[in-house]
Each structure stands twice: as structure tokens, then as C-alpha cells.
Amino acid sequence: MEETQRDRRRDSLIRIKAVQARTGLSVATIYRRESEGTFPKKVRLGPRMVAWYQSDIEDFVASPLSFDAVEEE
């Protein structure tokens with residue numbers, strides 16, 4: 001089965017505070033679940049700045065128990 005890559009041109013990047021507000025999860029839980037592969041991967045914007053694609057967070061919120069992070073290149 002072939003994975004299709006998302007078109008990110010119109011997708012927004014949101015920072016950790018917005019991710020917390022949308023998911024109701026703590027920062028520690030967000031990072032732990034990301035390392036386990038059960039939360040969307042962050043995008044590094046700079047040496048000390050990360051964000052998440054809003055569409056990935058919406059996918060997670062829609063189905064948090066069955067979410068599985070997909071590697072994108």
C-alpha cells in the first residue's frame with residue numbers, strides 16, 4: 001500500500017500552548033506520546049522552537065486512542 005504525502009502548503013503550524021489547549025494534554029505527556037509514536041511529530045523551526053501541523057493535531061483529536069504517527073520524508 002502506497003502512502004500519500006500531505007500537501008502542507010495551506011496547513012498552519014501551531015506552538016505548544018495551542019497544542020495543549022486543543023488536546024488537553026500536558027507538555028510532558030505530549031513529548032512522551034510523541035516519542036512513543038502515539039502523537040504527531042513536531043517540526044523544528046529553529047534551535048529552540050518547535051511546532052506541530054494543525055491538521056496532524058486535528059487528526060489526533062478526532063481519534064486519540066487509535067492515532068499512529070506516520071513518518072514523512
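None of the values given here were measured: they were computed from a predicted structure.
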Legend entry - Nearest heavy atoms of L45 and A51, plus distance in Å: CD1-CB, 3.7 Å
Inset, instruction - Give a yes or no on whether V50 and L13 share a hydrophobic cluster (residues Ile, Leu, Val, Met, Phe, Trp, Tyr; joining criterion: side-chain heavy atoms under 4.5 Å apart). - result: no
Inset, instruction - Sort and list the pairs that fulfil side-chain hydrogen bond (donor to acceptor under 3.5 Å, both in side chains) and have at least one residue in residues 42-52, not counting sequence neighbours. - result: E34-K42
Legend entry - Atom pair CE/CD1 of M49 and I16 - distance to nearest 0.5 Å: 13.0 Å
Legend entry - Heavy-atom pair of closest approach, residues R33 and P64: NH2-O, 3.2 Å
Residues 21-31, side-chain donor-acceptor partners within the protein, below 3.5 Å, at least two apart:
from : atom 1 : to  : atom 2 : distance (Å)
R22  : NE     : E58 : OE1    : 3.3
R22  : NE     : E58 : OE2    : 2.9
R22  : NH2    : E58 : OE1    : 2.9
T23  : OG1    : V19 : O      : 2.8
T23  : OG1    : L25 : N      : 3.2
S26  : OG     : T29 : N      : 3.1
S26  : OG     : T29 : OG1    : 3.0

Legend entry - Distance (rounded to the nearest 0.5 Å) between Q54 CD and D59 CG: 11.0 Å
Legend entry - Lys/Arg cation over aromatic Y53: R6, 6.0 Å, 45° cone: no
Legend entry - Those residues that, when tested against F60, pass ring-ring contact (aromatic ring centres under 6.0 Å, His included) (two or more places apart): F39, F67
